Number of protein chains: 2
Amino acid sequence: MADKAQIQEAIKAQGEVVRKLKADKASKEQIDEEVSKLLQLKAQIGGDEGKHVFVLKTPKGTRDYNPKQMAIREKVFNTIISCFKRHGAETIDTPVFELKETLTGKYGEDSKLIYDLKDQGGELLSLRYDLTVPFARYLAMNKITNIKRYHIAKVYRRDNPAMTRGRYREFYQCDFDIAGQYDPMIPDAECLRIVHEILSELELGDFRIKVNDRRILDGMFAACGVPDDKFRTICSSVDKLDKMPWEEVKNEIVKEKGLPEEVADQIGEYVRMQAGGMELAEQLLQDPKLSKSKAAVAGLTDIKLLFSYLQLFKVTDKVVFDLSLARGLDYYTGVIYEAILTQAGVAPIPAPQEANGSTGDDGPVSVGSVAGGGRYDGLVGMFDPKGRKVPCVGVSIGIERIFSIMEQKAEVSAEKVRTTETQVLVVSAQKNLLEERLKLTSELWEAGIKAEVLYKRNPKLLSQLQHCEETGIPLVAILGEQELRDGVVKLRNVASREEMDVSRADLVEEIRKRTPQS
Amino acid sequence: MADKAQIQEAIKAQGEVVRKLKADKASKEQIDEEVSKLLQLKAQIGGDEGKHVFVLKTPKGTRDYNPKQMAIREKVFNTIISCFKRHGAETIDTPVFELKETLTGKYGEDSKLIYDLKDQGGELLSLRYDLTVPFARYLAMNKITNIKRYHIAKVYRRDNPAMTRGRYREFYQCDFDIAGQYDPMIPDAECLRIVHEILSELELGDFRIKVNDRRILDGMFAACGVPDDKFRTICSSVDKLDKMPWEEVKNEIVKEKGLPEEVADQIGEYVRMQAGGMELAEQLLQDPKLSKSKAAVAGLTDIKLLFSYLQLFKVTDKVVFDLSLARGLDYYTGVIYEAILTQAGVAPIPAPQEANGSTGDDGPVSVGSVAGGGRYDGLVGMFDPKGRKVPCVGVSIGIERIFSIMEQKAEVSAEKVRTTETQVLVVSAQKNLLEERLKLTSELWEAGIKAEVLYKRNPKLLSQLQHCEETGIPLVAILGEQELRDGVVKLRNVASREEMDVSRADLVEEIRKRTPQS
């Protein structure tokens, strides 16, 4: 341990840093960061009486969810899970950590962001980085060739989080995938229908779902004369088109990535085509260059088929075929898609990590992206000892961004977010009625009514009513000497302040009538 | 890396070990363990074509939950969460890891079981060991003095798991706690009422809830002449009374723990008293020795008060005051309780780690224990820089054991566990009706019906019906040329094989009538 005087010196210096930041009105994150350092220094020398002082914080990049955030989270999850169940999905769960080697070689450069566990003897372990690789491991390990499953769980990335932008090191992913050998584009179409249902039901405002196909991109790049080994890097340049004008992207392709200008111009002609639907695919199938690429033709034919199913699913109002959609992930082999919010009202929200996908480059995603996915037919085969493939298509809902939007909406809304579902508070206006309150509360629980009672012998009526105001309990059941004698309970509506005497026998029914059931 | 020939030698030897175990019909766990070693050796030299071979397993002490296990888990959670909500609880969530020092000094010897993360630069982190310490950290950090919250999440212990006994290194805890300064025994009584409700609703068979108080135990030990510094170790001997006869426990107290025989005999008189209710507390208040201990009198008075509330809550049929209940945890300061299943039908089920509590000794718990908890008024103060106390009382439901029991029950039950909630499968008897199937399915989704359709252009009717049998889908909506012409759908009950034509307009209503809503 360092010398105590030294530490006290460091504390003094660090205190100055914090004071200066505060004086300069620095960002909350910056101040928090320095305060945390200060507290850690203080912890080293102990508190006033030499007592150990805890640094009261959660680890960097993580957060607690308070009851209000949890209430919003639960609501969002319920909507999404209902949709997954409506489509016949099962769910699985996997451990929060995997053998280190299960994750090795799946995330390219981003592998450096994986949290490893300390070697305490035994196996080498890492926290999961996404849900897709554990899913592929699960399928290969259990020799499952057919499943429609969702998985909602936290994943871990040692990213440098810009917490102001809502990025965390511990965050939720919310994945739905269909694995199995099926006829083309049917499960793919269902994934898009699911995105459409979820975004509509969450009422996040208007949205658009862009669709493309890796084979079309590959065929297009080949047709334009991009060398095979540059497909990926050109892909990631193209992916920036929703955030920068073509001239800048072209500049990047020519200057940074070293392609001839005429190649870039040819790419430009394609990717700047107006997004469309089936007719755009039809038109491109007639394109003299693209029609020579087997990959492009296969992709375009499938896009046509996909749109015919999307019409039956009534979602073509929101889905567009967009040649400029690239998506960063390595493992996609067919259709890819991404949903973005288009409503002006949506505040600039952080890029969701999970919609950025699970492997490959760390490139930017569109502002407003709230879901993304695609077909990956090769991943499971990486785990199978004999390389047997299980074709998969899936979608990841950008749940953290959706939480942020919902939290913002709750913030500005007049309606208070309730964190409990209590229907009624059992109160007394007079003293010495605790036993009667407990008895009535117990009767209500017995009948399945959500009921609370204050844990005081003789609480004031006012403080009982205040508890209702604060927590949004809509009804109060009031007991008094008179009510007990008459065999009634006074039922009070907290909002309207209306009161009525209800016979004890009818109380449950009256409460049910006056409160939402869930 | 070791020499390849050496590894091949080791593989050969290990292969023999596995073969021998299989020939000897060794336990699945033993075989799996050795197979895993074999696979790891094989992985070192690569697969057939020198391709890297993955060890396809989850880390030691962890497991995947398959869809069937998840369906059971969801059902159990729903019952428990409904109960918590009925009692007005909020929920919070905390990160899966905490600063290492947050956990330091909270778990005594068991600290060695904490999973640390690798130091990759930045803060030193550990996986949470329970939910109670993060809860206390949360309260202190946010200066919360009043909350009623539940928290269901996984915790991590590097225990040597006996997987045959259902113990895991990653397992769920399911905690409900009431924090705040209230009048005595009211929140404590509610915790017991909650245990009673949950165990009744889960239909796990008959149960008993034992109650005692740390102050009574302390007073009793003092009265019998146990030195202060031996209270805890004698506590843990007494805790074994539900698994061994008094003579053995006495032997341990005298021979191993070195107390005089007459002291042990005096303890024996108390702890072998028939468990009772309020009258036992009354009787002990008259006891010449106990009545001299301030702690014992406070505890006994509170037990009496507790039972008076339990009577109002109508749970005294299952709750007994039992002087032999000790519980291992250090941090309890008042009432303690533990629920056990008493029905003969319950198979010997592994001791749940979580009901064993979160700190202190690793001692055995009663066979059949499914919930436990108590009052801990000092823990939050350990985190508060000024040592401000927030009194807490809580209960932990032994959820992993409950899962095991429910899984066993499902195993022997005739009723199949469904892993999806699909109400209807849309099928066709003839070819070339994919588009019509998709269209109808989409209409059903639109109406909120849980509907599936096979992802094949022309699936056989038999394979469509088989899918229903396998997954428990109760209804089939059959489309054919004739039905399309007539504007009807043939609705078939999979179990009874009854069929009826339903007009398209009435289909949604008919499906709703014939399937459970959820």
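Letters A, B, ... are given to chains in the order of the sequence lines, protein chains preceding strands, and every chain is numbered from 1. Just so it is clear, the values below take in all heavy atoms, side chains as well, and ignore hydrogens, waters and symmetry mates. This structure is a prediction, so every number in the text was calculated from the model and none was measured.
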Looking only at heavy atoms, which two atoms of B:Leu56 and A:Pro385 are closest? And how far apart? CD1-CD, 4.2 Å
List for me each residue that meets side chain to side chain contact (heavy atoms under 4.5 Å, CB included) alongside B:Ile81, sequence neighbours excluded, and say none if there are none. B:Phe77, B:Lys85, B:Tyr150, B:Ile152
Does a salt bridge link B:Arg418 with A:Glu90, judged by any charged N lying under 4.0 Å from a carboxylate O? no
First locate atom CD of A:Glu435, then atom OG of B:Ser308, and finally report the distance between them rounded to the nearest 0.5 Å. 6.5 Å
Could you check whether the rings of A:Tyr115 and B:Phe97 sit parallel, tilted or perpendicular, using 30° and 60° as the cut-offs? tilted
Would you call A:Glu123 and B:Lys57 a salt bridge, using N to O less than 4.0 angstrom? yes
For the CG atom of A:Leu125 and the NZ atom of B:Lys60, what is their distance to the nearest 0.5 Å? 11.0 Å
Quick one, A:Ile92 and B:Gln69 - any side-chain contact, counting heavy atoms below 4.5 Å? no
Distance-minimising heavy-atom pair for B:Thr58 and A:Arg137: CG2-NH1, 3.5 Å
Should the pair A:Lys154-B:Asp93 be classified as a salt bridge under the 4.0 Å nitrogen-to-oxygen rule? yes
Rounded distance [0.5 Å steps], OG1 in A:Thr441 versus CZ in B:Arg193: 10.0 Å
Heavy-atom pair of closest approach, residues B:Val55 and A:Leu99: O-CD1, 4.0 Å
Decide yes or no for B:Pro67 and A:Ile147: does some side-chain heavy atom of the first lie under 4.5 Å from some side-chain heavy atom of the second? yes
Is there a donor in the side chain of B:Tyr455 and an acceptor in the side chain of A:Glu190, or the other way round, less than 3.5 Å apart? yes
Does a side-chain N-to-carboxylate-O contact under 4.0 Å join A:Glu452 and B:Arg86? no
Grab the two heavy atoms, one from B:Pro95 and one from A:Glu170, that are nearest each other, plus how far apart they are. CA-OE1, 3.1 Å
Mind checking the CD-CG spacing from A:Glu443 to B:Leu312? Nearest 0.5 Å is all I need. 10.5 Å
Could you tell me which residues satisfy ring pair (Phe, Tyr, Trp, His ring centres under 6.0 Å) with A:His151, sequence neighbours excluded, listed by chain and number? none
